[in-house]
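Lettering follows sequence order; numbering is per chain, from 1.
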Amino acid sequence: MQQTVIDINKEAYQRFDALFGSFEASLNGQKSNPFHQIRQSAFEKLNTLQFPTLRHEDWKYTSVQRILKHKYVLEDTSMTISSLPEVAKMPDVDAIRLVFVNGVYQSHLSDNLNQVEGLSAFSVEDAMNHEVYNKVLSSRLTSEVDENTNPFFQLNTAFSRSGMFINVDKNVVIEKPIQIVHISQSGDSPKLSAPLFVFNVEQSAVLNVVESYISTETNSENPVLNTSHCFYNLAKQAKCNTYKLQKLSDDHYLIHDIKADQDRDSVFTSFTADLGGAIIRNNINAIHGDENILTNLYGVLLGLGTQHVDNQTLIDHAKPHCQSNEWYKCILDDRARGVFNGKVMVRQDAQKINAFQQNNALILSDTARMDAKPQLEIFADDVRCSHGATIGQIDEDAVFYLRSRGLSRRDAMLMLQLAFLQEVTDFIEHNGIRDFMVNNIVSSFEKIV
Amino acid sequence: MLSIKDLKVNIEDKMILKGINLDVKPGEVHAIMGPNGSGKSTLGNVIAGKEDYEITGGSMEYLGEDLSELDVDERAQKGVFLSFQYPVEIPGVSMSNFLKQILNTSRKVRGLEELNPMETLKFLREKVNMIGMNEQMLKRSLNDGFSGGEKKRNEILQMAVLEPKLAILDETDSGLDIDALKVVAEGVNALRDGERSFVVITHYQRLLNYIVPDYVHVLHEGRIVKSGDKSLALELEEKGYDWIKDELAATV
């Protein structure tokens with residue numbers, strides 16, 4: 001008899017249940033840390049939520065059963081790699097670097113954040129016992145475990161091992177970006193990597209974060225499932241830019257969660273580039289807690305082969321006089337699939353807000369597919385909200401024009417595709433990071449035949 | 001250089017060119033004139049290699065090669081250039097990157113070394129100034145938001161960058177005011193070196209005051225019905241195309 005989706009989900013839960021048992025057993029003394037209670041309640045919550053099927057509205061276009069059929073284990077905490085892979089390096093950016101392999105911290109390849117003026121970094125466990133930071137952290141995590149309905153968030157919290165809490169002091173501009181490198185490495189069994197980061201950006205402080213997801217070896221029998229969660233807590237006038245570059249090989253998974261809590265006059269910008277991976281799901285959620293807040297969400301994706309990339313955004317306009325901009329551009333070839341679901345919630349008090357959303361997709365083959373779903377819920381009556389979604393093909397007149405100047409068909413196509421994505425990458429303020437992103441996009445284009 | 005014999009071309013089963021004969025030797029300037037719908041632009045597009053056309057008869061030979069065997073980019077690499085009547089706007093492709101890439105592609109196929117970034121910029125600036133364009137133009141997207149005149153100048157700029165052997169100018173004068181027309185014509189004349197050939201497609205004699213042709217051909221209903229020297233253009237300007245039509249009707 002064929003296994004139903006529900007069966008697959010149940011079995012997956014049972015496997016994670018067994019894994020959670022052995023994980024707890026390995027924690028020894030750490031079980032007394034208050035963070036472990038949060039892990040436990042997250043795992044209980046996972047049981048009540050269950051893994052999604054296509055019947056769940058938020059997962060309508062993305063099936064996770066391919067992810068769930070594997071028997072995941074956690075990487076050995078003693079695992080190390082000798083050097084940083086070339087692809088992780090940002091040539092023209094002087095960054096403070098943290099390196100993880102399958103979720104295991106690589107101290108010998110990482111910089112000490114505490115040596116940077118204005119930065120303090122702790123393990124989540126230590127921060128839970130910190131006299132100043134414990135409040136913001138434990139309330140944040142507790143309420144999130146209570147409210148978050150994404151089962152993978154709960155999974156991530158339950159299995160989070162080398163979680164970090166990073167604080168930026170008031171009025172401090174951190175010039176060097178923090179680069180967090182997550183390396184997925186296939187081994188003798190499928191691995192679960194569950195990083196958790198909490199960034200607390202104090203009043204008028206400025207922080208840039210780059211997350212790189214890359215893989216070194218590839219083995220579709222034993223993929224790596226990356227779940228990931230980043231909280232950004234932005235105080236008044238704080239500014240935070242986050243950039244994610246995902247260039248996993250085509251058998252690894254990533255379910256990536258960003259949540260930004262924004263206070264008055266703060267600016268949060270997220271740029272995400274998905275250039276690889278098997279199934280990728282990005283959830284970004286920005287919450288406006290006061291007035292005059294700006295949120296920018298930008299994204300590009302290049303889908304080849306059977307890649308599946310799903311971008312879910314939610315901007316919660318709860319207060320007046322705020323602004324949000326969203327622009328996602330997708331190129332899909334072969335049998336790749338892209339999903340964009342952009343939710344904008346405008347609550348009754350959120351008068352005079354300005355919300356802009358756009359999603360454009362280029363489809364290069366008959367078998368590629370894009371699902372775009374703008375979703376605006378507006379309860380205030382004096383607002384500006386605009387949204388647009390286009391799905392189209394390469395303009396053959398433009399291809400002919402470029403070819404008539406001597407460019408080959410391939411070069412002409414690449415030039416047009418890069419131009420299509422560059423409209424969004426142009427929003428990256430940091431020159432070095434923008435070049436890094438564009439160069440990675442260009443090298444991914446080389447894979448297109 | 002270019003030898004077209006009894007060329008017949010269809011678009012979607014409709015015969016547009018009904019047997020064209022045209023022989024262009026190195027250094028010559030041929031003007032193709034004719035009323036709307038006579039097939040002028042089709043002739044230009046067919047020489048450049050547009051794929052929507054079906055060649056049903058005759059031949060096109062360019063430097064001893066059968067042109068119809070070559071793709072549009074191969075023709076361009078071998079020195080055929082078409083200045084578009086309606087250049088395509090391409091947002092996101094910067095002028096400077098585009099010009100750099102077409103310059104270095106063209107140098108590569110000609111067996112020349114690629115220019116380094118400094119040399120490239122210097123070369124491009126010279127050409128921009130020659131066409132009377134503003135250097136700021138290099139920072140804009142290709143034809144994106146360009147005025148009609150700017151687009152036409154940009155075509156001539158690309159011609160100057162690519163240094164083709166055979167240039168086809170498709171209604172380069174349309175949409176230009178007198179000053180822009182002079183600048184564009186000067187640009188073209190600067191590229192006349194006794195070797196490079198031009199086929200100038202135009203409605204009006206006006207452009208031919210500035211780009212003086214060796215031959216003038218009148219295209220009517222898919223055929224070249226009259227050929228002569230530059231005085232034919234003046235005669236046409238004076239008498240209009242009806243004169244040709246009447247003359248044709250009389251001979252039937």
Hey, could you give me the CZ/CG distance between A/R281 and A/D310, rounded to the nearest 0.5 Å? 4.5 Å

Could you check whether B/R196 makes a cation-pi contact with B/F198, meaning its NZ or CZ is under 6.0 Å from the centre of the six-membered ring and within 45° of the ring axis? no

Donor + acceptor pair across side chains of B/T42, B/K50 (<3.5 Å): no

Return the option, out of B/Q158, B/Q77, B/K78, B/E51, with the maximum number of heavy-atom pairs under 4.5 Å with chain A. B/Q158

Which region of [X], side chain (C-beta onward) or backbone (N, CA, C, O), has a non-hydrogen atom less than 4.5 Å from a non-hydrogen atom of chain A, or is it both or neither?
X	result
B/L162	side chain
B/E89	neither
B/P87	both
B/T105	side chain

So that I know where these two stand, are A/Y243 and A/H430 an aromatic pair - ring centroids less than 6.0 Å apart? no

Side chain from CB out, backbone as N, CA, C, O: work out which of these in A/D426 comes under 4.5 Å of a heavy atom of chain B, or both, or neither. neither

Does the pair B/K40/B/D170 count as a salt bridge with the N-to-O cut at 4.0 Å? no

